[in-house]
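To keep things clear, I will list the structure first and then write my remarks on it.
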Amino acid sequence: MNDAAVQLRVSIVIPAYNEESVIRQCLIAAIYQSVPAHEIIVVDNRSKDRTADIVRQMQLEYPESPIILLSQDREQGLIPTRNFGLDSATGDVLGRIDADSIVEPDWVEQVQKAFADQTVQAATGPVVYYDMPMRRFGLKADDKMRQLMLKLAKHQYHFLFGSNMALRASAWETIRSETCRDEKDEMHEDIDLSLHLADHELPVRYWPQMVSGMSARRLEDSPRDYRYYVTRFDRTYKAHNVRKMALKAPMVVFFSVYFPAKLLRAIHTVNTAQPVRRGGQ
């Protein structure tokens with residue numbers, strides 16, 4: 001890695017609302033990195049469970065790690081919580097993951113490599129669903145789908161993925177006042193960020209080596225809730241007056257995989273919950 005990449009300070013911002021079941025594993029992955037993060041910021045948004053307590057406990061367990069707990073109590077919602085975290089971060093590059101993300105051990109290092117090119121203003125990578133079977137196959141499929149999206153968009157739009165993304169602090173400063181507040185919670189906030197970056201011709205790079213794990217818990221949604229989630233793509237495009245039909249491709253993919261993936265997840269959950277038999281038992 002060249003000196004410019006090594007010197008980049010990478011912050012990791014994690015918005016959190018009632019995430020007691022996943023926040024510890026998320027933080028452990030962020031701590032154990034081949035290149036340490038500049039800071040790991042958890043922004044608690046009015047959690048009613050033990051999310052904040054677990055973060056405080058981890059600050060005591062890992063005093064050498066730069067874990068910071070912030071509270072965003074003014075508004076309920078992902079976007080104001082995300083913005084609060086990005087505004088508070090002090091790194092050169094601002095990583096953004098979800099509370100159920102489990103970044104690979106070289107994630108910070110790969111982010112530094114992606115941003116070693118001074119023209120790159122934001123970057124995103126594939127995800128592996130850690131609570132689904134055939135994880136290696138799933139990672140390849142996710143990577144192929146994101147590469148396909150770039151081609152369909154004719155490389156005009158490079159879409160960030162909220163569970164696994166980073167942007168230069170200077171790029172965030174440029175778009176922060178323009179990003180949609182989405183008070184009705186109708187859009188994909190990561191697509192919104194991508195479109196605002198595109199408005200300013202701030203290049204986004206897809207970096208396949210920048211890998212994060214995430215939960216497939218979205219599949220636990222009812223068909224109606226899942227449909228609403230998927231159609232967020234359409235509402236985000238309409239809000240930005242984007243009419244490329246090819247960009248509807250992810251909606252088609254998400255709709256088509258819902259029932260097969262839901263079945264696979266159910267089988268996987270049953271199999272992993274069964275105790276291992278030993279000997280002749």
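Only a predicted model underlies this, so the values are computations on that prediction, with no experimental measurement involved.
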Chi angles and distances behind the side chain to side chain contact (heavy atoms under 4.5 Å, CB included) call for R82, T179: CA-CA 11 Å; R82 175 203 71 189; T179 56; 3.9 Å; yes
Gap separating the [atom1] atom of [X] from the [atom2] atom of [Y], nearest 0.5 angstrom:
{"X": "D199", "Y": "E178", "atom1": "CG", "atom2": "CD", "answer": "7.5 Å"}
{"X": "L160", "Y": "L197", "atom1": "CG", "atom2": "CG", "answer": "6.0 Å"}
{"X": "R9", "Y": "L94", "atom1": "CZ", "atom2": "CG", "answer": "10.0 Å"}
{"X": "Q57", "Y": "L27", "atom1": "CD", "atom2": "CG", "answer": "12.0 Å"}
{"X": "Q33", "Y": "S65", "atom1": "CD", "atom2": "OG", "answer": "10.5 Å"}
{"X": "H196", "Y": "C180", "atom1": "NE2", "atom2": "SG", "answer": "3.5 Å"}

Please examine the side chains of [Y] and [X], heavy atoms only from C-beta on, and report whether any two atoms are closer than 4.5 Å.
{"X": "V111", "Y": "V93", "answer": "yes"}
{"X": "N45", "Y": "F84", "answer": "no"}
{"X": "Q59", "Y": "L69", "answer": "yes"}
{"X": "T174", "Y": "L202", "answer": "yes"}
{"X": "W172", "Y": "D87", "answer": "yes"}
{"X": "E75", "Y": "E183", "answer": "no"}
{"X": "D182", "Y": "E189", "answer": "no"}
{"X": "I14", "Y": "V43", "answer": "no"}

Under a 4.5 Å side-chain heavy-atom rule over Ile, Leu, Val, Met, Phe, Trp and Tyr, are [X] and [Y] clustered together?
{"X": "L78", "Y": "I23", "value": "no"}
{"X": "I54", "Y": "I31", "value": "yes"}
{"X": "Y17", "Y": "I68", "value": "no"}
{"X": "I79", "Y": "L167", "value": "no"}
{"X": "V35", "Y": "I97", "value": "yes"}

Test salt bridge (charged side-chain N to carboxylate O under 4.0 Å, His left out) applied to K238 and E186, step by step: CA-CA 11 Å; K238 284 178 181 175; E186 296 180 324; over 6 Å; no
Ignoring hydrogens and angles, tell me if any N or O in the side chain of [X] forms a donor-acceptor pair with the backbone of [Y] under 3.5 Å.
{"X": "D100", "Y": "V22", "result": "no"}
{"X": "H200", "Y": "I175", "result": "no"}
{"X": "D44", "Y": "S71", "result": "no"}
{"X": "D49", "Y": "E19", "result": "yes"}
{"X": "R232", "Y": "D185", "result": "yes"}
{"X": "S101", "Y": "S163", "result": "yes"}

Partners meeting side chain to side chain contact (heavy atoms under 4.5 Å, CB included) with I102 (sequence neighbours left out): Q25, A29, Y130
Using salt bridge (charged side-chain N to carboxylate O under 4.0 Å, His left out) as the criterion, list what pairs up with [X], not counting sequence neighbours.
{"X": "R46", "result": "none"}
{"X": "R205", "result": "D117"}
{"X": "E173", "result": "none"}

Polar contact flag, side-chain donor to acceptor under 3.5 angstrom, T231-R235: yes
Side-chain donor-acceptor pair present, E109, S34, cut-off under 3.5 Å: yes
CA sep, side-chain torsions, deciding dist, call: R176, L86, side chain to side chain contact (heavy atoms under 4.5 Å, CB included): CA-CA 9 Å; R176 60 186 291 274; L86 293 176; over 6 Å; no
Can you see which heavy atom on [X] is nearest to which on [Y], and at what distance?
{"X": "D190", "Y": "G162", "result": "OD2-N, 2.8 Å"}
{"X": "L193", "Y": "M165", "result": "CD1-CE, 3.8 Å"}
{"X": "T90", "Y": "S11", "result": "N-OG, 3.9 Å"}
{"X": "R50", "Y": "E20", "result": "N-OE1, 3.1 Å"}
{"X": "A37", "Y": "I12", "result": "CB-CD1, 3.9 Å"}
{"X": "T81", "Y": "P15", "result": "CG2-CB, 3.8 Å"}

Trace of the side chain to side chain contact (heavy atoms under 4.5 Å, CB included) decision for F161 with M214: CA-CA 11 Å; F161 188 41; M214 70 172 287; 3.7 Å; yes
Partners meeting side chain to side chain donor-acceptor pair (under 3.5 Å) with S212 (sequence neighbours left out): none
Residues which pass ring-ring contact (aromatic ring centres under 6.0 Å, His included) with H38, listed by chain and number, not counting sequence neighbours: none
Pair N164-W107, side chain to side chain contact (heavy atoms under 4.5 Å, CB included): steps then yes or no: CA-CA 9 Å; N164 183 17; W107 191 84; 2.7 Å; yes
More than 12 heavy atoms from other groups under 6.0 Å of CD on E64: yes
